Enquirer: 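The structure under discussion is supplied below as structure tokens; questions concerning it will follow.
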Amino acid sequence: MNVADSEKLLADLNPQQRQAVTCPGGPLLVLAGAGSGKTRVLTHRVAWLVATGAARPHELLAITFTNKAANEMKERIETLLGPVARTMWISTFHAACARILRREAPLLGYESNFTIYDAADQVRLVRRCLKQLDYDVNRFPPKGVHAVISAAKNRLVGPEDFAEAVDGFFEETVARTYERYQKQLYANNAMDFDDLVMLTVQLFERFPERLEHYRQSFRHVLVDEYQDTNHAQYRLVNQLAGGHRNVCVVGDDDQSIYSWRGADIRNILDFEQDYPEATVIKLEQNYRSTQTILDAANSVVDNNRGRKQKRLWTDAHAGDPVQVVELEDEHAEARFLAGEIVRLQEQHGYTPSQIAVFYRVNAQSRVIEDMLVRYGIQYRVVGGTRFYERAEIKDALAYLLLVDNPADDVSFRRVVNAPKRGIGAATVATLEEAAATEGQHLLEAAAHAGDIPGLRPQAVKALKSFAALIEGLREKSESLPVAELLEEMLEASGYLAALAAERTIEAEGRMENLEELVGVATEFEQRVPGGSLGGFLQEISLYTDVDKLEAAEESVTLMTIHNAKGLEFPVVFIAGAEEGVFPHSRALDEQNLEEERRLCYVGMTRAMKRLYFTYAETRNLYGSRHYNMASRFIDELPPELVEKHAAASVRSPAPLPGAFSRGEAGAGFETGDRVLHAHFGEGTVTAVASGGMVTVRFDEGGDERTLLLEYAPLKRLRRG
């Protein structure tokens, strides 16, 4: 590539981007604000170094965090440089380390053809180690033990060092398991994901000549998303750059939101202490959002003390004020969201895929999902599963279905070993054969497991105990409200205890979802005093049936704010902006407010044109009613950039013509109307009653159904 071609690389860059791309060797910190083109800078810098002869293609190591990001980087660099880009080291941390270890593993006592265990393999091996050490895997769940081992490796803490610092019986158990786990990995000539980085660091510490070889090989080291690096990754980068010090790190401390994964914001904040001669370049020009949104986001994040000062700006127009909407409760909030989404489409021309709703925790999505279903708004849940399709929710409902209908063999199979009770596939197969022979359903056969030949005594005990659990719940179902029955089931079955014992963030989220399901049952009791378990399950089945419908390509996006990083939408709603919800109560307890504020900043800077905050005066979350103040992040918004709407001034919008009806007192339907139901299809209204009851004869099969419009949305096609 000649000088003229290399100049073309700079043609479309702003002055700060150009400075970052053309910076000579030495340490370089690029503080790239949200929407400022950091990937463009990183890829153009790689191309510039090659184009100007500062490095040959194989002398560059460019590292990012995900395979998707690495592939995108490769494609962009190939567009700039041509096929030579395919020879470059552009990969994730784990892929780069695996490539190094394939060459160097014999120095550490491994064969070069070592196996890399995936997440499931790792947990299975931990389970085997726990059993070999005679630990109860129900008391010490393998997934939770593995999570602690993984966190230790990311801090470069090996089994011996971990054992020396144990505090309490759980950590003692982990220490013994960690030691055996690592020995078995070695015996199997296998490594887990965390080993790839940790063992590479150990390789370079123990064999300085190999470190020097790779320092000479990689004359420039470039790292994307540096604010997300953990301690092991930080050490690796500094080992490789320690000789020539040609290290370029790109990131944004204001978007450091993964401390719970081991990310250490100090890595980027202290870069200039590690490299006092570093050049620091700030990318502050934003190409995504309006100036109003940027000023609001700047104002919020300015309240953090531990940050590098920068201020996003744009050439775009100021834009609309940030909308802050106070609602009475979570249902009013969801109705507002649904109504505003319809209005934005009808009056402003936004498509569903241009609209996103963010929330702090997955459990918040349930009420929003229900309301979107009632309005007939297609949606998709990104980075998660629809509420009623989450495994823990399906497990809990399967328990209740079995309590309500002991002959439900499908539900029996789902939960007989959830949580683990030692009832494996072989035991269930033997039970099924015996039940078929005797003409019994599986629960009945389980109650008489002692009469079944071929079952081990432990299996007999477990089956009879499970049958007794269901029978006990069945007796209580005749007198207990559904919410209390559900709570009793979650406790008596050991389901909650098993999740709590995992001690992982994921398990905490599943527990929150189950608490939210208790809230669903509580709401049912409030609407239907004295309602039966069967009635509750019938109502839930409507949502699950509708949820099974495939979403159209044009869908509103629902996601947690953590999953929103790296995305952008013309319209963003941040729901549940209340103290204790966002910022989350756990973060407040752990004095991690600054990360919550960074999370808010990330959410705000996803918005391109319109940004909304909604909060509720009272919210039923996790099965109990909370009265919360508006989030402090709302108070940190500049008043001149905000339009506030009080609860009293916000009315739930009436359904627009042709929209699915929420239904009050018949919602204007008349006998003879042609209607569409999201699940049952087209039909004709045959009767209308007070309280939002409509009877419809559906075309397919000619079935006639009486529907409560509050929960069974109908769309009028035409008058009869």
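Note that the coordinates shown come from a computational prediction; the quantities given were computed from them, not determined experimentally.
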Enquirer: For the residue pair R610 and H348, confirm or rule out a side-chain donor-acceptor distance under 3.5 Å.
Expert: yes

Enquirer: Would you sort out whether H645 and Q323 count as a side chain to side chain donor-acceptor pair (under 3.5 Å), showing the intermediate values?
Expert: CA-CA 8 Å; H645 306 270; Q323 304 296 308; 2.7 Å; yes

Enquirer: Parallel, tilted or perpendicular, judged at 30° and 60°: which one describes the rings of F573 and Y612?
Expert: parallel

Enquirer: Any luck finding a side-chain donor-acceptor pair between E596 and H584 under 3.5 Å?
Expert: no

Enquirer: Determine whether a donor-acceptor pair (N or O, by modelled atom type, separation under 3.5 Å) exists between the side chain of H562 and the backbone of I257.
Expert: yes

Enquirer: Could you check L327, V581, D329 and say which one makes a side-chain contact (heavy atoms from CB on, under 4.5 Å) with R619?
Expert: V581

Enquirer: Tell me yes or no: between the side chains of E578 and S631, is some donor less than 3.5 Å from an acceptor?
Expert: no

Enquirer: Strictly distance-based, threshold 3.5 Å: is any side-chain N or O of R510 a donor or acceptor partner for the main-chain N or O of L499?
Expert: no

Enquirer: Answer yes if the side chains of T314 and N286 hold a donor-acceptor pair under 3.5 Å, and no otherwise.
Expert: no

Enquirer: Between V571 and K609, is a side-chain contact (heavy atoms from CB on, under 4.5 Å) present by the stated rule, with each step listed?
Expert: CA-CA 6 Å; V571 180; K609 303 293 184 186; 5.7 Å; no

Enquirer: Is there a donor-acceptor contact under 3.5 Å linking the side chains of N362 and S365?
Expert: no

Enquirer: Could you walk me through whether L13 and R40 pass the side-chain contact (heavy atoms from CB on, under 4.5 Å) check?
Expert: CA-CA 9 Å; L13 303 179; R40 183 179 183 83; 3.4 Å; yes

Enquirer: Is the cationic atom of R606 (NZ for Lys, CZ for Arg) positioned less than 6.0 Å from the six-membered ring centroid of F358 and within 45 degrees of its normal?
Expert: no

Enquirer: Is the number of heavy atoms from other residues, nucleotides or ligands under 6.0 Å of D589 CG greater than 12?
Expert: yes

Enquirer: With side-chain contact (heavy atoms from CB on, under 4.5 Å) as the criterion, how do T557 and F569 come out once you've worked through the C-alpha distance, each side chain's angles and the decisive distance to 0.1 Å?
Expert: CA-CA 9 Å; T557 299; F569 301 89; 3.8 Å; yes

Enquirer: Answer yes if the side chains of S256 and R266 hold a donor-acceptor pair under 3.5 Å, and no otherwise.
Expert: no

Enquirer: Report yes or no: do N238 and Y275 form a side-chain donor-acceptor pair below 3.5 Å?
Expert: yes

Enquirer: Is the F582 to F633 ring centre distance short of 6.0 Å?
Expert: yes

Enquirer: Go through V520 and R366 one step at a time and tell me if the side-chain contact (heavy atoms from CB on, under 4.5 Å) criterion holds.
Expert: CA-CA 9 Å; V520 177; R366 195 270 305 175; 3.1 Å; yes

Enquirer: Go through the side-chain N and O atoms of D395 and Y495 and say whether any donor and acceptor fall under 3.5 Å apart.
Expert: yes

Enquirer: Check R625 with E330, please: is the shortest side-chain N to carboxylate O separation under 4.0 Å?
Expert: yes

Enquirer: Does R76 form a salt bridge (charged side-chain N to carboxylate O under 4.0 Å, His left out) with E72? I'd like the steps, not just the answer.
Expert: CA-CA 6 Å; R76 291 200 190 188; E72 180 185 351; 2.8 Å; yes

Enquirer: Is there a donor-acceptor contact under 3.5 Å linking the side chains of E225 and Q227?
Expert: yes

Enquirer: Taking the side chain from N298 and the backbone from L294, do they hold a donor-acceptor pair closer than 3.5 Å?
Expert: yes

Enquirer: As a quick check of understanding, evaluate salt bridge (charged side-chain N to carboxylate O under 4.0 Å, His left out) for R597 and E636, giving each step before the final call.
Expert: CA-CA 10 Å; R597 188 174 280 113; E636 292 168 359; 2.7 Å; yes

Enquirer: When D253 is tested against each of K310, K308, R307, R598 for side chain to side chain donor-acceptor pair (under 3.5 Å), which residue passes?
Expert: K310

Enquirer: Salt bridge between E508 and R586, side-chain N to carboxylate O under 4.0 Å?
Expert: yes

Enquirer: Under a plain distance cut-off of 3.5 Å, with no hydrogens placed, do E516 and N620 share a side-chain donor-acceptor pair?
Expert: no

Enquirer: Side chains of E369 and Y379: do they bring a donor and an acceptor to under 3.5 Å?
Expert: yes

Enquirer: We want to know whether D302 and Y601 form a side-chain donor-acceptor pair, criterion being a heavy-atom distance below 3.5 angstrom.
Expert: no

Enquirer: Please determine whether the number of non-hydrogen atoms from other residues, nucleotides or ligands lying under 6.0 Å from atom CD of Q309 exceeds 12.
Expert: yes

Enquirer: Apply the test side chain to side chain donor-acceptor pair (under 3.5 Å) to residues N303 and E594: give CA-CA distance (whole Å), side-chain angles for both, the deciding distance (0.1 Å), then the verdict.
Expert: CA-CA 8 Å; N303 287 276; E594 293 212 348; over 6 Å; no

Enquirer: Has K143 got more than 12 heavy atoms of other residues, nucleotides or ligands less than 6.0 Å from its NZ?
Expert: no

Enquirer: Starting from the C-alpha separation in whole Å, work towards a yes-or-no answer on salt bridge (charged side-chain N to carboxylate O under 4.0 Å, His left out) for E579 and R632.
Expert: CA-CA 7 Å; E579 289 291 297; R632 69 189 68 197; 2.7 Å; yes

Enquirer: Considering non-hydrogen atoms only, spot the tightest contact between R288 and L567 and give its length.
Expert: CZ-O, 4.2 Å

Enquirer: Look at the aromatic rings of Y258 and W260 and report parallel, tilted or perpendicular, splitting at 30° and 60°.
Expert: perpendicular

Enquirer: Would you name the heavy atoms of Q378 and E554 that are closest together and state the gap between them?
Expert: CB-O, 3.7 Å

Enquirer: Just by distance, with hydrogens left out, do H331 and E523 show a side-chain donor and acceptor under 3.5 Å apart?
Expert: yes

Enquirer: Salt bridge check, D12 against R18: does any charged N sit closer than 4.0 Å to a carboxylate O?
Expert: no

